[in-house]
Every structure is written in C-alpha cells, then in structure tokens.
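Indexing begins at 1, ligand by ligand and atom by atom, following the structure's order. By convention here, the first residue in the shown sequence is residue 1. Keep in mind that the numbers below use all heavy atoms, side chains included, and drop hydrogens, waters and symmetry copies.
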Amino acid sequence: MKVDETRLLADLEHLGKIGLGPEGGITRRALSREDAAARAYVADRMRAAGLEVRHDEVGNLRGRRKGRDGAAWDSAVPVVMTGSHLDSVPSGGKLDGPLGVVGAVCAIESLNAAGVTTKRPLEVIVFVGEEGSRFRRGTIGSAAVSGHVSVADVLELVDPDGAVYKDALATYGDEGAAIPARAAAGSIHAFVELHVEQGGVLEAAALPIGAVTTIAGLVQRAVTFLGDANHAGATPMNLRHDAFLAAAEWALGIERGAREIGGGVVGTVGKLTVEPGGKNIIPGRVDAICDLRAPTPVLLSALDDYVVSSLHGIGEKRGVELEQQLLQRVEPGPMHELAIVAVQRAAAEAGLGHMRMPSGAIHDALHMAEIAPSSMIFVPSIGGKSHCPTEATDPRHLAQGVAVLAHTLAILANDP
Ligand code: HGY
Ligand code: MN
Ligand code: MN
C-alpha cells in the first residue's frame with residue numbers, strides 16, 4: 001500500500017504549530033481553542049479523504065467511509081474503527097495522538113488510491129480528552145464510546161477553573177445534531193490505534209512496528225499536605241511542620257515502593273504546588289498528584305496500597321494533616337488476538353519487521369477493548385522520549401506505521 005509521506009508529514013507539521021509554545025512543546029488542552037483548531041483541520045482532511053463527518057454527544061469527531069453495501073453511518077454492518085486523540089500534555093510532543101489521527105486519514109487515502117474496497121465501513125475517530133490534562137480523568141472520549149463512563153457523567157465533568165464540560169463543548173462550534181457517543185452493542189467489528197511507542201523497546205530491537213498485546217493500568221491520586229507555614233529563619237528544626245518535606249518523603253516512598261514491588265510497576269509525582277511559596281517561609285500547604293502504573297490489577301493495587309498507607313505514617317511523624325482523593329483508576333487490559341494478529345499480518349504484508357509488545361502508556365484502545373477486538377500499532381520513539389518537546393520518530397517509520405494501518409484496516413474490514 002503506497003503512503004503519501006509528504007502529505008502525512010505536512011499534516012503533522014500543520015498540527016505541530018497549533019498550541020506550540022516557546023520551548024518547542026505542544027500544549028493543547030481538551031476543548032480549548034487550540035484543540036478546536038486542530039480538530040477543525042482534521043475535519044477538513046476527513047472530508048478531503050471522502051469521509052462522511054459527524055460529531056457525537058461528547059464531542060468525538062467521527063468520519064466514515066462506506067462499506068460495500070454502500071452505507072456509511074446507516075450501515076447495519078459492524079464498522080472497523082481507527083483513531084486517537086489531538087489533546088496533549090503540557091509542553092508535550094507533536095506525535096502523541098496526532099499520528100493516530102492524521103495517520104488514519106492518510107491510511108484511508110492509501111486504500112482509496114489503491115482502489116481497495118471493504119465489506120465493512122471504516123471509521124476514523126478523534127477522541128476528546130485522552131490526556132486528562134484539563135479534567136480530572138483522561139481517555140474521556142473513548143470512555144464514553146465504550147460506556148465505561150456515561151455521557152451524562154462526562155458532560156458534568158468540571159475543570160479546576162470551574163468550567164463544565166458540556167459548556168466547554170461550545171468551543172468546538174459543532175453544527176447539527178450530535179450522534180450518540182455510546183456504541184451500540186456489536187456495532188464495532190474491531191478497533192486499531194496507530195501511536196508512537198513512547199518508550200525505547202522498538203528502537204533497541206531495531207524494529208519498525210510493534211503489535212500491542214496489553215495496556216498498563218493507572219491510578220492517579222490527589223494529595224494535600226497541610227503543615228504549618230512559619231518563619232524559615234526563626235523556627236527551630238524540631239518545631240517545624242513542613243508540608244513540602246512531608247510531600248518529598250511521600251514521593252521518595254513512591255519511588256522506593258515501585259522499585260521494591262517490581263514487575264514493571266512505575267510511580268511518578270509530576271504535578272506539585274507549594275504554598276504560600278515564599279523563599280523565606282516554611283511551606284504550609286502542598287498539593288500533589290501521583291501517577292501509578294502497573295501491568296496487572298494485582299500489582300496496581302499493591303503499589304496503590306503502598307502509596308496510601310505510607311501517607312499515614314508521614315503525617316503522624318511530621319505533624320502534617322493529609323487529605324487524599326482518588327482521581328481515577330483504569331484497570332490494565334489485554335488486547336485481542338483477532339486484532340493483534342491482524343497487525344502482525346499487516347506488517348508482514350508490508351514486509352516490515354515487527355514484535356508483540358505491552359504498552360506502559362495508557363491509550364484510548366484500552367477502553368475500546370472493552371467493547372470490541374482491539375490492538376495498537378506502535379512505531380519507534382527516538383531515544384524512547386515522549387511527553388516532551390523532543391518527542392520524535394523517523395519519518396520513514398511514521399509512513400511505515402500508516403502503511404501497516406492501511407493493511408490492518410483492509411484485513412479487519414474484509415476478513416470473514
Ligand atoms: O498518560 C498516558 O499514559 C497517556 O499518554 N495519556
Ligand atoms: Mn500521552
Ligand atoms: Mn497518546
């Protein structure tokens with residue numbers, strides 16, 4: 001399958017300018033003006049590729065190509081879906097999400113150019129709010145499609161500034177009626193997502209394609225440490241209740257716990273604020289969020305229990321009060337042999353080396369796997385870097401990923 005690499009790189013280049021910061025990172029929060037601008041560009045690209053474009057109740061953008069029965073949106077034949085997200089982490093990379101979105105449109109254009117028709121309709125979907133950088137949870141759009149979260153609950157999500165999701169949807173400027181977000185039972189034959197690996201496994205193996213077999217689960221908790229703001233010079237060390245040192249001890253405990261539990265678990269504290277924030281004031285309050293990942297529910301609970309139980313000891317020892325709240329827990333999930341094997345067959349058809357591999361990062365495919373056979377196509381991340389301005393992938397690998405996606409869609413949409 002020929003891929004128009006120039007077109008793909010131009011699409012990524014265009015999206016890579018929307019939300020671009022002075023440090024070279026992309027900041028595109030869900031339902032923001034930047035997110036809406038990127039989404040509008042993709043909607044135009046979908047129409048240029050001949051897709052019939054719709055939007056659903058939670059703002060997912062959706063474009064369909066007819067199957068052989070000549071129907072797109074009103075087909076009784078289960079659809080083969082592909083897609084990803086356009087929102088980003090703060091100062092993130094240009095490929096995490098967009099590759100799976102414009103790559104899907106380019107894959108459809110490759111099928112069109114090759115005259116490949118499919119028994120089943122094909123759908124490209126742009127999920128809202130995968131990164132969770134604005135609202136309390138991530139993978140919002142796919143959680144709504146899978147029914148993991150109800151549409152009503154999604155619409156009631158509130159961001160830290162008090163903006164309500166259903167009001168923020170107006171930023172998209174969608175016209176016309178929205179289609180239901182929740183997929184009807186049996187309406188999706190399979191789902192596959194093209195994504196950068198965001199790790200170094202493929203690069204180390206010198207392979208261009210990964211077929212994803214499982215996706216790690218995640219727990220995110222918000223913790224507030226309430227100590228005693230006081231004078232940094234006049235307060236003896238034994239009379240302090242330093243909220244930052246309590247948080248620091250907790251964060252080091254997370255690192256220790258993850259190393260002790262092992263088995264591929266990881267723990268991070270990436271977001272933390274210190275108040276009142278004077279250089280000569282002992283911190284009175286710290287708000288922190290931890291991000292825990294594990295390949296199995298048992299390991300995820302082991303790390304989460306370790307992290308929560310460590311809090312009590314620290315609070316007592318340091319005379320610091322604690323409040324903590326679970327922000328989200330997403331269970332790890334297996335992908336499906338039907339979809340994994342399709343990716344492997346597609347890579348072989350494209351003459352590309354490939355391997356089966358787990359994903360340490362969360363993706364929309366995790367929720368889609370709850371309702372349809374799903375897998376992912378990974379392409380190598382240079383230096384294993386992601387969620388940072390230096391996120392990059394060899395253009396050759398980007399185009400190969402799209403070629404494998406096109407083959408995978410043809411396999412999944414034409415197999416018996
Ligand atoms: O955090 C993740 O794993 C994904 O990038 N949202
Ligand atoms: Mn990401
Ligand atoms: Mn992503």
Enquirer: Could you tell me whether the side chain of Lys94 reaches within less than 4.5 Å of the side chain of Leu15, counting heavy atoms only?
Expert: no
Enquirer: Could you give the distance from CE (Met357) to CG (Leu207), rounded to the nearest 0.5 Å?
Expert: 9.5 Å
Enquirer: Between CG of Leu405 and CG of Leu194, what distance do you get to the nearest 0.5 Å?
Expert: 5.5 Å
Enquirer: Below the 3.5 angstrom mark, is there an N/O of Ile362, backbone or side chain, next to an N/O of ligand 1?
Expert: yes
Enquirer: Quick check on contacts: which atoms of ligand 1 are under 4.0 angstrom from a heavy atom of Glu131?
Expert: 4 (C), 5 (O), 6 (N)
Enquirer: Polar-atom distance check: His387 versus ligand 1, any N or O pair below 3.5 Å?
Expert: yes
Enquirer: Kindly compute the distance separating CZ (Phe127) from NE2 (His85), expressed to the nearest 0.5 Å.
Expert: 10.0 Å
Enquirer: To the nearest 0.5 angstrom, please state how far the CD atom of Glu130 sits from the NE2 atom of His195.
Expert: 6.0 Å
Enquirer: Does the pair Arg54/Asp56 count as a salt bridge with the N-to-O cut at 4.0 Å?
Expert: no
Enquirer: Short list, please: which atoms of ligand 1 are under 4.0 Å from a heavy atom of Ala361?
Expert: 3 (O)
Enquirer: Taking both backbone and side-chain atoms into account, decide whether Glu131 has an N/O/S atom under 2.8 Å from the Mn ion (ligand 3).
Expert: no
Enquirer: For the Mn ion (ligand 3), find the closest N/O/S atom on His195 and give its atom name.
Expert: NE2
Enquirer: In Asp96, the N, O or S atom nearest to the Mn ion (ligand 3) is which?
Expert: OD1
Enquirer: So which protein heavy atom does atom 1 (O) of ligand 1 come closest to, and at what separation?
Expert: Arg293 NH2, 2.7 Å
Enquirer: In terms of ring plane angle, is the pair Phe378 and His363 parallel, tilted or perpendicular, where the classes change at 30° and 60°?
Expert: perpendicular
Enquirer: Can an N, O or S atom be found in His85 less than 2.8 Å away from the Mn ion (ligand 2)?
Expert: no
